[in-house]
Amino acid sequence: MEHNYPIKRIIDDEGLLLDASFEKQIDKRLVKDLYYHMLRVRAFDRKAINLQRQGRLGTYAPFEGQEAAQVGSALALNADDWVFPTYRDHGVTITFGKSMVQTFLYWNGRVEGCVVPPDLNIFPPAVPIATQIPHAAGAAWAEKRRGTKNAAIAYFGDGATSEGDFHEGLNFASVFKVPVVFFNQNNGYAISVPTEKQMNSATIAQKSVAYGLPGLRIDGNDCFVVYFETKKAFDYARAGNGPTLIEAVTWRKGAHTTADDPSKYRSEKQGEDIADPLARLELFMKNYGYWDDEWVQATKEKTNSEVEAAVEEMEKFPPPNVEDVFNHVYAEMPAQIAEQKEAYLSHLGRQ
Ligand SMILES: Cc1ncc(C[n+]2csc(CCOP(=O)(O)OP(=O)(O)O)c2C)c(N)n1
Ligand SMILES: [Mg+2]
């Protein structure tokens with residue numbers, strides 16, 4: 001079956017165009033945007049891991065290796081579209097406009113990091129696997145009923161495709177022909193379980209057939225194919241044709257989270273031959289005359305200092321109010337939670 005879904009690419013591992021017609025479609029603005037945002041979110045990601053190791057951030061889910069998939073797709077959206085991310089998609093949400101400070105606060109377990117800015121249609125990161133997929137289908141249905149041209153995108157991993165929510169979401173979205181893009185990042189693993197142990201289908205893209213949807217398999221480490229194919233899927237959705245399933249084949253370079261040790265289930269050598277998405281874009285820039293030493297240097301300094309400033313701001317936040325843990329669970333606090341709250345506050349000597 002796999003031959004039906006060959007992996008689409010625009011550039012190869014050496015940053016050379018495989019299809020010369022793209023030379024006209026790729027312009028300086030796009031190259032700079034992709035490079036800037038990929039550099040920016042990588043700086044964020046690496047800093048977050050360091051902070052966690054220093055005890056300054058809670059458990060963190062890194063996305064290094066997936067920058068092309070996340071940034072390329074996020075740049076293809078319109079400002080009024082809806083984003084349904086997972087716990088690994090802060091490369092998406094930061095590119096789409098969520099602040100780094102808020103994102104750090106989220107990973108420090110702070111309620112302030114969970115409040116979505118009113119001008120951004122971003123749902124909170126879904127930690128329960130695949131639950132965001134029917135939500136995205138629902139949001140897209142609402143936009144369709146309201147008669148807007150807004151669409152939704154659901155991000156999810158390879159593991160999520162084995163959950164019932166994936167199938168329900170795709171089925172409903174297809175039946176109601178709603179404007180949603182199902183964007184799968186196949187990073188090879190669901191924690192310690194490799195894709196081939198998790199499913200017997202050769203690809204995730206082929207699952208689209210069951211729901212009567214277009215499906216495609218792309219190189220998730222090629223920012224250009226991600227950008228152009230996501231844009232195409234959004235145009236298709238906005239034109240009233242319904243959903244698309246995109247499988248972006250990528251690689252999680254690091255651990256599942258900072259609480260995980262991948263050496264327990266995969267060898268160091270695995271993934272060594274996969275070209276880094278940022279390095280590939282750099283090669284492309286050098287091959288086609290987009291490389292500008294001065295601009296690159298200035299961009300690196302700018303993104304690093306933005307990250308440092310965000311850390312400073314996050315750490316200046318007043319200590320959390322422990323009552324938040326109890327106050328925001330229900331609209332009206334049930335007796336059991338009230339009891340637990342009282343017991344905890346008295347344990348802290350505050351009552
Ligand atoms: C409903 C549910 N079951 C199990 C878990 C535990 N869990 C957390 S992450 C994860 C793996 C998900 O893998 P994948 O969908 O490939 O996403 P990735 O972490 O690779 O980005 C699992 C099983 C969960 N969070 N929610
Ligand atoms: Mg995965």
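Nothing fancy with the numbering, it's 1 onward along the sequence. Counting starts at 1 for both ligands and their atoms, following the listed order.
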Please write down residue, atom name and distance for the protein heavy atom closest to [atom].
| atom | value |
| --- | --- |
| atom 3 (N) of ligand 1 | Glu163 OE2, 3.8 Å |
| atom 11 (C) of ligand 1 | Ile191 CG1, 3.6 Å |
| atom 16 (O) of ligand 1 | Gly159 N, 2.8 Å |
| atom 25 (N) of ligand 1 | Val127 O, 3.0 Å |
| atom 26 (N) of ligand 1 | Ile129 N, 3.1 Å |
| atom 15 (O) of ligand 1 | Ala160 N, 3.0 Å |

>> Within this structure, what is the CG-CD1 distance for the pair Leu17 and Ile11, rounded to the nearest 0.5 Å?
In response: 7.5 Å

>> Just verifying a value: how many Å separate Ile129 CD1 and Thr161 OG1, rounded to the nearest 0.5 Å?
In response: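 OG1 of Thr161 is found 11.0 Å from CD1 of Ile129.
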
Hey, which atoms in ligand 1 end up nearer than 4.0 Å to a heavy atom of [X]?
| X | value |
| --- | --- |
| Pro128 | 26 (N) |
| His256 | 9 (S), 19 (O) |
| Asn187 | 18 (P), 20 (O), 21 (O) |
| Arg88 | 18 (P), 19 (O), 21 (O) |

> Taking the inter-plane angle between the rings of His135 and Phe123 on a 0 to 90° scale, is it parallel (under 30°), tilted (30 to 60°) or perpendicular (over 60°)?
Replying inline: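 Tilted: the ring planes of His135 and Phe123 meet at 30° to 60°.
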
> Parallel, tilted or perpendicular for Tyr35 and Trp295, by the 30°/60° rule?
Replying inline: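 Tyr35 and Trp295: tilted rings.
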
Check this for me: does any side-chain nitrogen of one of [X] and [Y] sit under 4.0 Å from a carboxylate oxygen of the other?
| X | Y | result |
| --- | --- | --- |
| Asp19 | Lys8 | no |
| Arg280 | Asp219 | yes |
| Lys232 | Glu229 | yes |
| Asp276 | Arg42 | yes |

Within the 3.5 Å criterion, strictly below it, is a donor on [X] or [Y] matched to an acceptor on the partner's side chain?
| X | Y | value |
| --- | --- | --- |
| Gln206 | Ser201 | no |
| Thr250 | Asn187 | no |
| Asp89 | Thr86 | yes |

> Where does Arg252 meet ligand 1, judged by heavy-atom distances below 4.0 Å: at the side chain, the backbone, both, or neither?
Replying inline: neither

>> Applying a heavy-atom cut-off of 4.0 Å, say which part of Asp158 lies close to ligand 1: side chain, backbone, both or neither.
In response: both

> Heavy-atom contact under 4.0 Å between Gln185 and ligand 1?
Replying inline: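 Checking ligand 1 against Gln185, which is what was asked, there is no heavy-atom contact under 4.0 Å.
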
>> Apply side-chain contact (heavy atoms from CB on, under 4.5 Å) to residues Val71 and Asp33 and explain how you reach the verdict.
In response: CA-CA 9 Å; Val71 169; Asp33 277 354; over 6 Å; no

>> Could you work out, for atom 17 (O) of ligand 1, the closest of Tyr87, Phe63, Tyr189 by heavy-atom distance?
In response: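 Nearest option to atom 17 (O) of ligand 1, by heavy atoms: Tyr87.
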
> By residue and atom, what protein N/O/S atoms are less than 2.8 Å from the Mg ion (ligand 2)?
Replying inline: Asp158 OD1, Asn187 OD1, Tyr189 O

>> Please tell me if atom 1 (C) of ligand 1 is touched by the protein, where touching means a protein heavy-atom distance below 4.0 Å.
In response: yes

> How close do Val180 and Ala140 get, heavy atom to heavy atom, and via which atoms?
Replying inline: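 So the minimum-distance heavy-atom pair works out to CB-CB, 3.8 Å.
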
